[in-house]
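Notes follow once the structure below has been shown.
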Amino acid sequence: MTQSVVVQVGQCGNQVGCRFWDLALREHAHVNKRGLYDEALSSFFRNVDLRKSDGGDCCVGGRIQHLKARAVLIDMEEGVVNGILQGPLREVFDSTQLLTDVSGSGNNWAVGHLTYGSAYREAIVNKLRKAAEHCDCLQCFFLIHSMGGGTGSGLGTRVLSLLEEEFPDVCRIVTAMYPSAEDDVITSPYNSVLAMRELTEHADCVLPVENQSLVDIVNKISVMSHGAKPGSVLRKDSTVTSGQGSLSPTEKPFDAMNNIVANLLLNITSSARFEGSLNMDLNEIAMNLVPFPRLHYLVPSLTPLYTLADVNIPTRRLRPSLPFVSWNQEGWKTGLCSVPPVGHSHSLLALANNTCVKPTFMELRDRFTKLYRKKAHLHHYLDVDGMEQSIFSESLSSLSELIDEYHQLDATKARLIPDAPRLSIAR
């Protein structure tokens, strides 16, 4: 069995991470009825015996003692991390996994990436190495951060480059939260474009998640919950936004949105944690879905978002209507896991390397250009040691080149190349 380490950076990254660990514990408690530390638990949790002087890990197969998350928590403000340490998850982490400051990054990518990235480089590397040393077979780093803030976008992408330097052979999957067009952080277009250059160069896979999409999903489920038609009532605790049955007694702001992302991560890793008729290795995601190194932005889709109480109502079925590239008309990689998420009888996660991300990137480029053309707020970045204006132009060029690559793939839709005739075997 392999292990993975979750690295959560910034306010958003730690809030999503908090929901992930909460729901992961609920999922394992639902499956693991015997209280034994099994291989499924070992993929994301250590089993620590506090009675030992060295606090050593217990072997797989024994009783659960004290579970510790395979995680590193980083934030340049203390609020969210302190809230985690004072909440029901406080026993899952210890001080060796935490790194915080008090002043924050001021919504400035340069402060997070250059100032804090340089000041805390050694401390971050030590914590990452410590987490890796507790793994018998480290397979993947899951990095969670936002794109709009200073710590998430700046320090988050600095951590990504450190992961590539220190662990070049370990898969790096980034869950990046993209701000909406109405984001209240004025400089979020700068931060997002600067961060995207780093994601394009240093990540193996990026799962882009739009805040606006999460809001739309939450609103849709809310309408279904409160104004459902007769015969279409939702089953209790069956929505992807639900945190019922988890450790948190009260739901906090953004918990519903963060639960969606947490469920996404749980679904990605389910085949690596539980048995199934067709297991899928995490390394196979990049191997099968990333034909070109820069085009590694995978669009996640999750269903069902909820379960109807009346199981006799037919559900919608997926239809094979996607236009595939001409040189890979059967571009599917399938994994089947026998353990469904809590509250559901079944679940489907689809990851698509799709040109549909192009409009989002184009809109982001437009928002960046509107600010950059006027040089608005630029001085806040250029005042940071090591930050040069050329980094802005290079980041914009990197994004434009990425969009052009998607353009080129889109252009092939109109001129699909027929498959070469198959070789006939004489009899």
Side-chain angles (χ1 to χ4, degrees), residues 107-110 112-114 143 145-150 152-154 156-158 160-161 164 172 174-183 185-213 286 289-300 323 325 352-382 384 386-415:
N107 297 322
N108 189 323
W109 178 90
H113 195 84
L114 300 173
L143 179 60
H145 65 79
S146 71
M147 298 290 282
S153 68
T157 52
R158 185 62 179 268
L160 176 62
S161 64
E164 185 180 40
R172 299 174 299 282
V174 181
T175 302
M177 315 293 292
Y178 279 71
S180 63
E182 292 77 26
D183 190 72
V185 178
I186 301 297
T187 56
S188 67
Y190 282 161
N191 297 332
S192 298
V193 172
L194 291 166
M196 274 205 67
R197 179 192 180 192
E198 302 295 318
L199 294 183
T200 302
E201 292 182 359
H202 302 296
D204 289 311
C205 295
V206 179
L207 310 179
V209 179
E210 288 185 293
N211 273 341
Q212 188 58 50
S213 297
L289 294 181
V290 182
F292 308 109
R294 287 167 51 86
L295 304 184
H296 53 233
Y297 292 85
L298 309 181
V299 181
V325 289
N353 196 339
N354 197 315
T355 58
C356 71
V357 297
K358 184 181 65 176
T360 298
F361 295 164
M362 293 175 66
E363 180 189 20
L364 178 59
R365 181 177 62 180
D366 291 342
R367 291 166 55 207
F368 175 95
T369 304
K370 287 179 181 179
L371 286 176
Y372 191 59
R373 186 182 296 122
K374 300 292 185 180
K375 300 296 186 286
H377 304 282
L378 205 61
H379 62 286
H380 297 301
Y381 292 79
L382 299 180
V384 177
M387 187 65 182
E388 300 177 356
Q389 191 165 335
S390 60
I391 298 178
F392 280 88
S393 56
E394 290 168 3
S395 298
L396 180 59
S397 296
S398 175
L399 178 56
S400 294
E401 290 169 5
L402 186 68
I403 292 172
D404 287 342
E405 291 181 58
Y406 282 113
H407 268 310
Q408 293 172 16
L409 281 178
D410 258 342
T412 64
K413 290 180 182 178
R415 48 184 177 84

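The backbone N or O of H377 lies less than 3.5 Å from no partner atom in the side chain of Y190, so there is not a single donor-acceptor pair. Counting only distance, with no hydrogens or angles, the side chain of N353 and the backbone of L295 share a donor-acceptor pair below 3.5 Å. Remark: the backbone N or O of N107 is paired with a side-chain donor or acceptor of N191 at under 3.5 angstrom. The backbone N or O of Q212 sits nowhere less than 3.5 Å from a side-chain atom of S180 that would complete a donor-acceptor pair.
Separation of atoms CG (D410) and CD (E405) is listed at 13.0 Å; rounding is to 0.5 Å. Going from atom OH of Y381 over to atom CH2 of W109 covers 10.0 Å, rounded to the nearest 0.5 Å. Taken to the nearest 0.5 Å, the OH atom of Y406 stands 9.0 Å off from the SG atom of C356. Residue L199 holds its CG atom at 11.0 Å from CG of L399, rounded to the nearest 0.5 Å. R172 CZ to L143 CG: the interatomic distance, rounded to the nearest 0.5 Å, is 10.5 Å. In this structure, L289 CG and N354 CG are separated by 11.0 Å, a value rounded to the nearest 0.5 Å.
Heavy atoms only, all atoms of each residue included: S161 and R158 are closest at OG-O, 2.7 Å. Residue S400 comes nearest to R365 through the heavy atom pair OG-NH1, 3.3 Å, listed as atom of the first residue, atom of the second, then distance. Listed here is the closest heavy atom pair of S390 and S393: O-OG, 2.9 Å. Shortest non-hydrogen contact noted between G154 and H113 is O-ND1, 2.9 Å. Closest non-hydrogen pair, C205 versus L298, comes out as SG-CD1, 3.9 Å.
Under the rule for a side chain to side chain contact (heavy atoms under 4.5 Å, CB included), the partners of P179 that lie at least two apart in sequence or sit in another chain are M147, D183, S188, S192. Evaluation of the side chain to side chain contact (heavy atoms under 4.5 Å, CB included) rule for L114 yields A110, V384, M387 as partners, not counting sequence neighbours. With sequence neighbours left out, the side chain to side chain contact (heavy atoms under 4.5 Å, CB included) criterion links H407 to K358, M362, I403, D404.
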Between D204 and V290, does the side chain to side chain contact (heavy atoms under 4.5 Å, CB included) criterion hold? Intermediate values first, please.
CA-CA 8 Å; D204 289 311; V290 182; over 6 Å; no

Assess the residue pair T187 and N108 against the criterion (side chain to side chain contact (heavy atoms under 4.5 Å, CB included)); give the C-alpha distance rounded to whole Å, side-chain angles, the decisive distance to 0.1 Å, and a yes or no.
CA-CA 7 Å; T187 56; N108 189 323; over 6 Å; no

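Relative to the six-membered ring of Y372, K375 meets both conditions, a distance below 6.0 Å and an angle of at most 45° to the axis.
Screening V174, T157, L160 against H202 for a side chain to side chain contact (heavy atoms under 4.5 Å, CB included) leaves a single residue, L160.
Defined by atom type and a distance below 3.5 Å, a donor-acceptor pair is present between the side-chain atoms of T200 and Y297.
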